[in-house]
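In what follows, every heavy atom counts, from backbone to side chain, and hydrogens, waters and symmetry copies are set aside. Here the structure is a predicted model, which is why all the values come from computation and not from measurement.
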Amino acid sequence: MRLEELITLIHQLDPTLTLGLDTDPITPISNLSSSEQQFLLHSATQTPLTIASFRQHATHFNQQLIIFNANGERLYGFRQSGHWLLFK
């Protein structure tokens, strides 16, 4: 999945949904960065980004970047669970 595709897909979702990685327990996504051709989702703190804050920050990155978690694993999709948008 590329960043531009993700932004398009989440456009209609509730902006207050919090972002996390689909793990047990959920790992909150709290920061974004890029490295070469990768858009990285970080879980540095326990304060998760919301869809609204994600959209604000994501517009500053190259929209063609491929999405990975901070450990270098490519992410292929997401699902909603309660007030979470979980990436897997």
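Residues satisfying the side-chain contact (heavy atoms from CB on, under 4.5 Å) test with Thr8, not counting sequence neighbours, are none. Residues satisfying the salt bridge (charged side-chain N to carboxylate O under 4.0 Å, His left out) test with Asp14, not counting sequence neighbours, are none. Every side-chain contact (heavy atoms from CB on, under 4.5 Å) that Asn31 has, sequence neighbours left out, goes to His42. Remark: Glu73 engages Asn69, Asn71 in a side-chain contact (heavy atoms from CB on, under 4.5 Å) (not counting sequence neighbours). By the side-chain contact (heavy atoms from CB on, under 4.5 Å) test, Ser35 pairs with Leu40, sequence neighbours left out.
For CD of Gln63, the number of neighbouring non-hydrogen atoms (other residues, nucleotides, ligands) closer than 6.0 Å is greater than 12.
For the pair Arg55 and Pro15, the minimum side-chain heavy-atom distance is below 4.5 Å. With contacts defined as side-chain heavy-atom distances shorter than 4.5 Å, the pair Leu65/Ser34 qualifies. Inter-residue side-chain proximity for Leu6 and Ile67 is flagged as met; some heavy-atom pair is nearer than 4.5 Å. Side-chain atoms of Arg79 and Asp22, non-hydrogen and from C-beta on, do get closer than 4.5 Å to each other.
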For side chain to side chain contact (heavy atoms under 4.5 Å, CB included), just list the numbers for Leu86 and Ile26, CA-CA rounded to whole Å, side-chain angles, deciding distance to a tenth of an Å, and then say yes or no. CA-CA 8 Å; Leu86 302 173; Ile26 293 172; 3.6 Å; yes
Could you walk me through whether Ile51 and Thr16 pass the side chain to side chain contact (heavy atoms under 4.5 Å, CB included) test, one step at a time? CA-CA 6 Å; Ile51 286 182; Thr16 64; over 6 Å; no
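Between Leu19 and the choices Ile10, Leu49, Leu41, the side chain to side chain contact (heavy atoms under 4.5 Å, CB included) rule is met once, by Leu49.
Distance CG/Leu21 to OG1/Thr27: 5.5 Å, rounded to 0.5 Å. Taken from CE in Met1 to CZ in Phe39, the straight-line distance is 11.5 Å, to the nearest 0.5 Å. Note that NE2 of His60 is 10.5 Å distant from CG of Leu32, once rounded to the nearest 0.5 Å.
For Ser30 (side chain) and Ala44 (main-chain N/O), a donor-acceptor pair under 3.5 Å exists by modelled atom type. With hydrogens and angles disregarded, no donor-acceptor distance shorter than 3.5 Å links the side chain of Arg2 to the backbone of Ile66.
Minimum heavy-atom separation, Gln80 to Leu13: OE1-CD2, 4.4 Å.
Taken together through direct or relayed side-chain contacts under 4.5 Å among Ile, Leu, Val, Met, Phe, Trp and Tyr, Leu75 and Phe61 form part of one hydrophobic cluster.
Applying the ring pair (Phe, Tyr, Trp, His ring centres under 6.0 Å) definition to pairs two or more places apart or across chains, those involving residues 69-88 are Phe78-Phe87.
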